[in-house]
Protein chains: 2
Amino acid sequence: MPARASSRTSESSDKVSVICRALRRAIIEQALEPGAKLPEDALGERFGVSRTIARHALGQLAAEGLVELRRNRIAVVATPSWQEARDAFDIRIELERLVVRQLAGKLTKAQIAELNAHVDAEDRARGGTDAVSIRLATEFHILLAHMTNSPILVRYVSEVAYRCCLTLSLYSRPHSTECAINEHRAIISALAKGDAAKVMELMHHHLDSVANRALVAPTPQRGRDLLDILAPYADEVTSDRVVKLPKIARRG
Amino acid sequence: MPARASSRTSESSDKVSVICRALRRAIIEQALEPGAKLPEDALGERFGVSRTIARHALGQLAAEGLVELRRNRIAVVATPSWQEARDAFDIRIELERLVVRQLAGKLTKAQIAELNAHVDAEDRARGGTDAVSIRLATEFHILLAHMTNSPILVRYVSEVAYRCCLTLSLYSRPHSTECAINEHRAIISALAKGDAAKVMELMHHHLDSVANRALVAPTPQRGRDLLDILAPYADEVTSDRVVKLPKIARRG
DNA sequence: AGCGCTCGAATTGCATGCAGTTTGGGGCCC
DNA sequence: GGGCCCCAAACTGCATGCAATTCGAGCGCT
């Protein structure tokens, strides 16, 4: 059985979804950096909708972990901690091993062609900006997930992949896409051969090496992170006894 | 290292979150059955808020997969297909294996006591309704996830566990909680011993057996599912050429 | 100059109103 | 009697308005 029927994965075509998609893309391409402010008015005006819609979109993005929402405060692009980034990658590894396990030996010729075409596109994009390369690499993984025809799996892989994208932009240095592309090709060929164990191992190694290249060290908190450093220590105060930190961290 | 600092997992205390929690619970306790209608007005009135808020809550729940939202139509409690249920369990197995792998040998005495206390509560609830038993069993798994202190993992495990809860209520028969409780105890003791491989195996078997007990067969589509049966066949039409099905399926 | 304080502008939280769509029931025709 | 159509009621999609809160620039004090 090559595939189940394709299924509507919510996210239809109402205005909220459109804005979500636009923002998601802007975030993973780093047009919007982590910490960037997202006022409802501004979004609404930019996309030609009311605050209500913009607000709703921010809610969805927050549920996906791409945006941070604090009561009465301007929404900002999420700034995952190093630990959260590591957690995301750990989850991603398990999910994507599941993806390729389900897919091994089950792909049609057309699907394999589609995957190869995508990697070709990645190849062509090597001259372009890092952001586009990263986006394409991420979309390769999402394309794989789609081929399982499991809407739930698609959703989780997409979400966690986007989150990883986000952390890459935070903690990663230059980023060599070369080997990633080769690894993608290796995965495709192992999938075609139908060697489930092999392809799971390849995927595991692929993601692990991406993670390790990116999340180099428990990074001595570069930049804005003073608040994060202090957060654990302030964590025992009850939520109403909020510690008013002195103004240290500059804001985006 | 027993634990990282506890972290705010969104879902603070605004009205939207309150409604989400209430509905979530109502759904997993089957007070609201799959297919039940959720009109914005009614929710708003019941919870003393405006439609805006109710609507937003429904949006969140839809993102979690507990509610189905179709444009211009009343929201309904999700009715996962058998295949979706199976997919959810597959994902859940991988995620929870990750949970116990991270937890094995890392739990404090206090945490083990907390787990045991929870299972005791499950035990005491055996006389009560099925719905409560199922909820408690689910909450055991979520409690485990919390102990990893990985907010992302907590979120995914919670979501997928709730989804499984929902499918249990759809496809499962009487449900014997006995063995589940014993399996929970076995997992706790293996966690305490720190045998990661063993506990992963236990968790895998536990969830697999719950799934198999529940999702007995590719169920010959009992009840409402005529539309689902036909869906794949209608799937090649483009979205504007919608096939108008004759009025067959009665609605909730 | 540096620090804190205050107050207007910016922004969010939420309710309400209006327009467009869906729903379902009653009447009409066969 | 059964099927079809039409229409009012129900409901959603979305914008706007108002109150409450936060933000941040400027002012005065040290």
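Throughout, protein chains are lettered first and strands after them, A, B, ... in sequence-line order, and every chain is numbered starting at 1.
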Assess whether one donor atom and one acceptor atom, taken from the side chain of B/R73 and the base of D/dG13, lie less than 3.5 Å apart.
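No.
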Could you tell me the separation between the [atom1] atom of [X] and the [atom2] atom of [N], rounded to a whole number of Å?
X: A/I53; N: D/dT12; atom1: CD1; atom2: C1'; value: 11 Å
X: A/L69; N: C/dC14; atom1: CG; atom2: P; value: 11 Å
X: A/R51; N: D/dT16; atom1: CZ; atom2: P; value: 11 Å
X: A/I74; N: D/dT21; atom1: CD1; atom2: P; value: 17 Å
X: A/F47; N: D/dA15; atom1: CZ; atom2: C1'; value: 18 Å
X: B/H56; N: D/dC14; atom1: NE2; atom2: C1'; value: 15 Å
X: A/R71; N: D/dC23; atom1: CZ; atom2: C1'; value: 17 Å
X: A/R70; N: D/dT21; atom1: CZ; atom2: P; value: 17 Å

Any side-chain heavy atom of [X] sitting closer than 4.5 Å to one from [Y]?
X: A/C165; Y: A/L168; answer: no
X: A/V18; Y: A/F47; answer: no
X: B/H141; Y: B/T138; answer: no

Residue closer to the 5' end of DNA chain D, B/T52 versus B/D41 (nearest nucleotide)
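Its nucleotide being nearer the 5' end, the pick is B/D41.
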Give a yes/no on whether any side-chain N or O of B/R55 is located under 4.0 angstrom from OP1 or OP2 of D/dG13.
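Affirmative; the distance criterion is met.
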With a 4.0 Å cutoff (strictly under), does any side-chain N or O of B/K37 reach OP1 or OP2 of C/dG24?
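Indeed, a polar side-chain atom of B/K37 lies that close.
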If each of B/N72 and A/A75 is mapped to the nucleotide of DNA chain C with the nearest heavy atom, which maps nearer the 5' terminus, i.e. the 5' end?
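Nearest nucleotide further toward 5': that of A/A75.
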Which of parallel (below 30°), tilted (30 to 60°) and perpendicular (above 60°) describes B/H118 and B/F140?
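Judged by the thresholds at 30° and 60°, the geometry between B/H118 and B/F140 is tilted.
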